[in-house]
Amino acid sequence: MSDLVERRGQAMLAAVEQGLTGAEQPVAGLLDLDGIRETARELHAAFATEGVEVQHTFAVKAAALVPVLRVLGEEGIGAEVASPGELAIARAAGVPAARIVLDSPAKTHGELQEALALGIALNADNPKELARLDKLVRPGSPPASPLGLRVNPQVGGGSIGATSTATATSKFGFALRDEGAEDWVVQAYLDRPWLTRLHTHTGSQGVPLELMATGVRAAYELAERINAAAGRQQVTTIDIGGGLPVNYDSDDFRPAYRDYADVLRAAVPGLFSGRYGLVTEFGRSLLAKSGVILARVEYAKSAGGRPIAVTHAGVQVATRTVLVPDVWPLRVLALDPKGRPKDGPPVVQDVAGPCCFAGDLVARGRELPLLEEGDWVALLDTGAYAFSTHYGYNSLPRPGIYGFQVDGSGAVRFSVVRRPQTLAELVAESGG
Ligand SMILES: *Cc1c(COP(=O)(O)O)cnc(C)c1O
């Protein structure tokens, strides 16, 4: 990870020097393209098992950016999509249909038809959706799309309610522990020989690895039960979802993919027996550590004895951090006007965004070298769930996102991942 820290430092310096960000573009996102590739390779290495076919997909909602999906695609990683927009982005990135999985609790009739026509795998969320599929799948001719059902093993939540998807009353999937539910699922599979997958996703951030593994074990045991009842290997593939938590406290990649794979190997050895193919859908952990938001300090002021740096990164780019600060704290670095780490004794201060509401703070009472006009702040670990979850407050435009690569001599080369949104585009999408 130290390479990642060094590259990040070089990139921030170069972004300022090369004018990607400055007085007129006071906020930008930077993405370490080699960091993304390294993370993808760690994922492959952690799950690689002789005789087991593993298809890793990236949960597109974590960074719905075509060039990111292209880079991941070059590393053999497909796309997990949950809306027509995400599917269109994955297709624009050239992700082949065989590497796309459609999960969503609200697929329309048209989306189901399109996925089937394209041969894209999909996981039905509930019995009503299975009933819709019954009408679309022709008896006697198996669909090109691998089809499955998402089950909620109801193993409980993690430390963050909003990202825990396997609680007793979660809106996602078919609740497996409700009265008679498991028998219903077994019969549903026996009635539909074309159902060949089982899907579960226990949550996203805040869910302990052991709890995630318990959810996966429930799906595995159900697959075994279905296959025994069918007298054949009807369920061929288990989709274990994503959810590896990211450590937002330091630059350590902890837990690592290997840690989770080890927990799974211990808790569900049969998953790696070779009798099942695996699909994964990691989002946050694939991108978070490779991204940083760089924002200029426009003014430094003081109120009630508290220094406040007013920057250009607020709720529009760090939405969860600003709206639910206790749950989603971010590390903030103080940089000087050239983008170098700023020296100075720690001073308790607030780091504010540009938006017109008092809560628009990305850090409260944080000890940092005293920020001044023209300095920069860097919001770390923002590669996931920041660049594509823009919040349109105050009509602030979506900032530019730039991929970077650092060569052996330390020279930084940038490529445009997403252009900064122009004011004309903003006006147009506002009904102008
Ligand atoms: C959000 C989501 C993921 C990705 O979760 P991460 O925490 O970003 O890894 C995977 N699968 C499903 C179904 C999801 O909803």
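Remember, it's 1-based here, ligands and their atoms both numbered in the order they're listed.
With respect to atom 14 (C) of ligand 1, the closest heavy atom belonging to the protein is Lys61 NZ, 2.9 Å. Atom 10 (C) of ligand 1 has Glu281 O, 3.0 Å as its closest protein atom, hydrogens excluded (heavy atom only).
Backbone and side-chain nitrogen or oxygen atoms of Ala62 are examined, and none is located within less than 3.5 angstrom of a nitrogen or oxygen of ligand 1. In terms of N/O distances under 3.5 Å, ligand 1 is approached by Arg284. At a 3.5 angstrom cut-off on N or O pairs, Gly283 counts as close to ligand 1.
Heavy-atom contacts from other residues, nucleotides or ligands closer than 6.0 Å to CZ of Arg70 number more than 12.
With ligand atoms numbered from 1 in the order given, ligand 1 contributes 5 (O), 6 (P), 7 (O), 9 (O) to contacts under 4.0 Å with heavy atoms of Gly243. Near Ala59, meaning under 4.0 Å from one of its heavy atoms, ligand 1 places the atoms 3 (C), 4 (C).
Counting only non-hydrogen atoms, the option in Ser204, Gly206, Gly242 that gets closest to atom 6 (P) of ligand 1 is Ser204. Of the listed residues (Glu80, Arg150, His201), the one carrying the non-hydrogen atom nearest atom 5 (O) of ligand 1 is His201. Nearest-residue assignment for atom 8 (O) of ligand 1 (options Phe58, Tyr385, Phe282; heavy-atom criterion): Tyr385.
Between Asp251 and Arg8 a salt bridge is recorded (basic side-chain N to carboxylate O distance below 4.0 Å). A salt bridge is absent between Arg258 and Glu42; no separation between the charged side-chain nitrogens and carboxylate oxygens falls under 4.0 Å.
With hydrogens and angles left out, the side-chain atoms of Glu298 and His312 include a donor and acceptor closer than 3.5 Å.
Between Trp184 and Phe174, the gap from one ring centroid to the other is short of 6.0 Å. For Phe272 and Tyr276, the ring centers sit 6.0 Å or farther from each other.
With a 6.0 Å cutoff to the six-membered ring centre and a 45° limit on the axis angle, Arg413 does not count as a cation-pi contact of Phe404.
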